[in-house]
Amino acid sequence: MQLSSRSLFLLAAPALILFGVLALYPLGRNLLLSFFETDYGLEGAVFIGLDNYTRLLGDYFFNRALVNTVVFTVVSTLAEVGLGLMLALLVNRAIVGKRLVMPVLVLPYVLSTMVVTAIWRAWFNYENGFLNVSLKFLGLPGVEWLTDRNLAMWSLIGVDVWQTVPVAFLVLLAGLQSIPEETNEAARIDGAGPLRMLLTITLPLLWPHLLLATLLRCVESFKIFDKAFALTGGGPGNATSTLSMFVHQLGFRFFDIGRASAASIIMVVIAGALASVYAWQIMRSGDET
Amino acid sequence: MSCNRAENVIYLSFNANSVTGVVQTVAQTFISLMVSPMKLIAPIAVSLLALLAGSATAAEKIVVAGRDGVYADALKLVISLYNEAHPDAPVEQLSLPIDGLLQQATLAAREGVNAYDVIMLDDTWAPQFMSNGWLADLDALGGGLDEDFAKGMRDVSRWPVGTGTAYAVPFIGNVELFAYRSDLMDRPETWDDVLAAAERLNTDGMSGLVFRGKVANPIVSGFVPLLWAYGGDIIDAEGKPVLDSEAAVTALETFIKLADYAPTGVEAYDAAEVRTALQDGTTAMAIELWPSWAPDLDDASKSQVAGKIELIPTPGQVNPPAAMLGSWLLGIPANAPHPEDARAFIDFMTSPEVQKELALQTGTPPTRESVYTDADVVAKYRWYPGQFEALQNARPRPRITQWAEVETILGDFLQLALIGDMDATTALKEANARIADALK
Amino acid sequence: MRRSGGFIAGVLVYIGAVIALLPVLWLLRTAFEGTGGPLVKMPTLWPTTPTLANFSAVFTPEVMGKLVNSIIVTIGATLLALAAGFPAAYALARGGWPRQLDKLFLGAVLLLKLTPPIALAIPLYQVLRLFGLLDTLLGLIIVYQVYALPFAIWMLLGFVRDIPISYEEAAVLDGAKLGKRLSTVVLPIMAPGVAATAIFLVILSWNEFLYALLFIQSPSNFTLPTYIATLITEDQTYWGPLAAIGLVASLPVLALVGVVQKSMTRGFAGGLK
């Protein structure tokens with residue numbers, strides 16, 4: 001069953017048009033300007049070849065941001081997809097009050113990031129934050145959530161996980177829902193217990209959705225900016241500085257557009273490498289349908 | 001004909017009988033609009049024209065782009081006063097977060113989008129805006145700068161600093177002050193006094209002092225006055241960075257020592273934490289305090305220490321006491337639609353009567369000497385005479401276009417030194433090298 | 001064994017719900033809190049000085065105007081992304097494209113999503129200016145496609161692939177043309193996926209801040225996130241109004257989740273004949 005190329009074109013046209021208008025110029029400009037030194041655009045720009053790149057890659061702070069971003073991305077993606085899977089599997093079964101529970105589970109993601117970071121910044125406050133006050137109430141010492149150099153990153157990951165588990169949850173739930181009931185029935189009739197069903201039927205069928213959720217979260221986590229900026233500003237001492245913060249700083253504080261473009265190209269390359277693993281898997285699994 | 005067929009194809013795919021009913025019906029309408037472009041362009045063109053026409057007929061309205069928070073309240077008050085006095089000259093207010101304001105103003109200037117008539121500028125943005133010619137010449141627009149304005153502020157409103165054309169008018173006299181508990185200690189004249197008092201008063205339940213330790217602007221704002229007090233500076237008269245001087249190192253070492261008497265977590269402290277510490281009475285001194293924080297200190301409903309806090313210019317050491325300037329100016333973009341109306345508005349905003357109203361009603365620090373010494377104002381804010389003294393002699397931060405970058409670099413290394421990752425000498429040497437790079 | 005397994009599942013889910021809910025309850029408390037402020041000495045979720053003042057501070061014409069703008073932009077951007085993305089995803093899944101062109105398209109789409117928003121801000125500003133769409137809601141709707149469209153295509157692609165091609169082939173044998181196939185076979189099965197995608201697109205646009213801040217100049221055209229940002233200044237955070245508007249702003253999206261979750265959690269009806 002093939003689509004005629006006319007149908008093909010018509011179906012894809014709107015997306016292609018939007019994409020062309022909105023993406024080609026910005027991406028192209030970024031790439032072009034990354035080889036120049038400029039404080040805005042092409043006028044007055046000085047060509048400096050790969051200088052921006054070499055300076056960035058040799059910069060201690062940039063590399064710190066790079067490491068932080070990769071660590072953050074990997075850990076939070078794994079946590080989010082893992083927890084999302086758990087929740088999706090649990091909610092998928094017939095449990096009491098399912099209708100009520102779903103909006104609640106999705107609630108953290110619905111809140112605007114600004115509100116979320118404001119809440120958690122207040123909660124993490126050492127003296128008066130809800131968390132430490134509760135701990136003190138229980139007789140336990142307060143924790144330096146955002147000021148301990150080793151803990152700050154984990155606190156940041158915690159906030160991100162809290163806010164974005166709903167993403168993986170919804171994607172995987174939708175995926176679980178699209179497994180035909182007859183497949184499950186057939187397996188049950190064959191005598192498979194719940195664990196066996198999970199491992200041999202559910203997860204393999206859910207694999208593309210797991211990949212999708214991982215891809216989506218990976219890409220988003222890599223661009224982390226708002227949370228880190230609002231919670232710690234990148235501190236203490238660069239423990240939570242991220243690549244996006246770097247680009248933002250270069251582009252919109254220092255107006256060093258050349259280097260900002262180079263930094264964003266580096267980001268795209270690295271994120272692309274991370275994402276292409278999943279993307280390739282997803283695209284490949286498509287061929288097997 | 002092929003257009004119709006495509007339309008049918010997509011129309012049918014979203015018929016209302018499908019499970020995702022309502023959404024699809026709406027989507028179907030949207031799709032059919034998309035496939036036949038004329039149906040789409042017409043309404044868009046009409047609404048665009050209406051929008052453009054709308055903005056054209058609002059010809060007499062001036063747009064003021066300002067800050068959010070207390071500054072927005074101040075601006076709102078000014079606008080309501082202005083509307084009383086000039087009911088035929090409508091003013092629209094834009095409230096933006098500080099970063100957003102800078103980005104908007106810069107983009108508009110770079111792209112030649114003439115959306116604003118008046119913009120609020122932080123004095124650290126002034127060098128870039130003024131040297132790039134993005135602001136209108138205020139001497140030419142008539143009026144210049146009144147001598148009543150504090151000298152420090154008048155200087156930064158001109159480019160070249162102090163002597164050149166006036167490009168801005170001082171609006172908010174923000175100057176960095178030093179706060180201490182007058183019931184617990186005497187007025188510190190030097191930083192040695194500060195250290196001694198901090199050590200003495202640092203006990204369980206009370207910290208000797210508090211400051212903003214968060215990276216970038218907070219920590220730099222806390223450190224720079226200290227640097228100046230010890231005779232150090234960021235860049236010298238020729239524009240060369242001099243952070244590796246002995247004076248600077250001593251200043252940083254003092255700063256680090258002070259942190260011993262500060263609460264846990266001070267490396268992430270920002271305004272909210274410092275203000276809470278002061279108001280709750282859990283600290284004896286705050287080395288950095290901004291005027292907008294002051295009224296709450298004497299407000300018994302919010303503060304445990306009403307009447308017990310004194311505000312003075314930053315103590316001296318090698319140099320006499322000097323406060324750091326952190327003020328807000330008003331400028332008219334070079335391509336503003338209504339420059340004369342904008343000038344009239346600015347003059348109104350910065351007139352003595354309006355400044356007095358602002359001070360009394362919103363606590364906005366004035367920029368005119370006459371207002372600081374006005375009896376009604378001083379009655380309400382007992383620290384104003386001292387604040388004006390600070391403002392008159394305030395030192396601005398370096399007048400360079402790359403201040404944002406310099407501040408970030410300095411902030412990064414100050415943090416590293418503060419948390420003990422680097423010793424003071426290395427931190428300052430590194431910072432100096434990078435700043436030299438940035439200034440090239 | 002089934003029942004007890006279901007019970008444990010329920011408990012775990014409720015624990016998760018509590019963790020999700022607790023900060024929100026705190027936010028709720030802060031919205032009704034008068035002078036007490038957000039930081040507390042005791043772990044309590046009840047306001048010390050209950051008041052409605054914060055809500056009256058946000059139910060003003062200006063703020064509500066921004067709410068309306070947000071609604072317009074969000075609905076517009078979501079519909080546009082779905083409308084452009086669904087056909088594209090279907091074409092990519094079923095198309096039989098020549099020589100891996102589909103992979104190229106997908107890859108390019110992903111590339112766009114990988115770029116940090118800041119990097120595209122200035123060029124997009126220039127593009128909008130060129131088309132005279134600066135300071136318009138339509139301009140925002142279109143610019144949001146930069147992130148919404150790749151997202152929609154990737155999400156919907158996965159769900160289109162879920163549909164065994166045999167179902168569609170059966171429909172073809174029944175004489176169904178493309179349009180009929182899409183509406184009677186593909187979409188109904190994809191409903192959970194479309195619903196999930198719609199939720200994300202709505203949230204994406206509803207909370208988007210950077211472009212809404214940069215590409216709009218008139219106060220009357222600003223969207224809600226810009227207003228929320230002005231409540232968090234470097235000097236202080238206006239907790240009362242922030243909590244109030246934060247909660248109010250989440251209601252529309254929550255309502256949407258409630259409406260849409262029906263198609264997300266319905267069982268898959270076996271057999272289509």
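Letters A, B, ... are given to chains in the order of the sequence lines, protein chains preceding strands, and every chain is numbered from 1.
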**OP:** Show the numbers, then the answer: is there a side-chain contact (heavy atoms from CB on, under 4.5 Å) between C:T233 and B:R67?
**Re:** CA-CA 9 Å; C:T233 66; B:R67 280 282 322 268; 4.2 Å; yes

**OP:** Compare every heavy atom of C:L213 with every heavy atom of B:G100, then report the nearest pair and how far apart it is.
**Re:** CA-CD2, 3.5 Å

Original post:
Is the shortest heavy-atom distance from the side chain of B:S95 to the side chain of C:T226 under 4.5 Å?
Top reply: no

Original post:
Given C:Q217 and B:Y116, is the side-chain contact (heavy atoms from CB on, under 4.5 Å) satisfied, shown in steps?
Top reply: CA-CA 8 Å; C:Q217 280 77 38; B:Y116 313 116; 3.4 Å; yes

**OP:** Below 4.5 Å from any heavy atom of chain B, which atoms of C:I228 appear? Answer side chain, backbone, both or neither.
**Re:** neither

Subject >> Straight-line distance of B:R275 CZ to C:Q236 CD, nearest 0.5 Å >> reply: 5.0 Å

Subject >> Residue among B:R110, B:E92, B:Q104 with most heavy-atom pairs under 4.5 Å to chain C >> reply: B:Q104

Original post:
B:V70, B:V113, B:I98, B:D68: which one forms the most heavy-atom pairs within less than 4.5 Å of chain C?
Top reply: B:D68

Subject >> Test item: C:T230 and B:L96 side chains (from C-beta on) under 4.5 Å apart, heavy atoms >> reply: no

Subject >> Region of C:F222 in contact with chain B, defined by heavy-atom distances below 4.5 Å >> reply: side chain

Subject >> Closest approach of C:Q126 to B:E111 (non-hydrogen atoms, all atoms of both residues) >> reply: NE2-OE2, 2.9 Å

Original post:
Where does B:V274 contact chain C at under 4.5 Å (heavy atoms): side chain, backbone, both or neither?
Top reply: neither

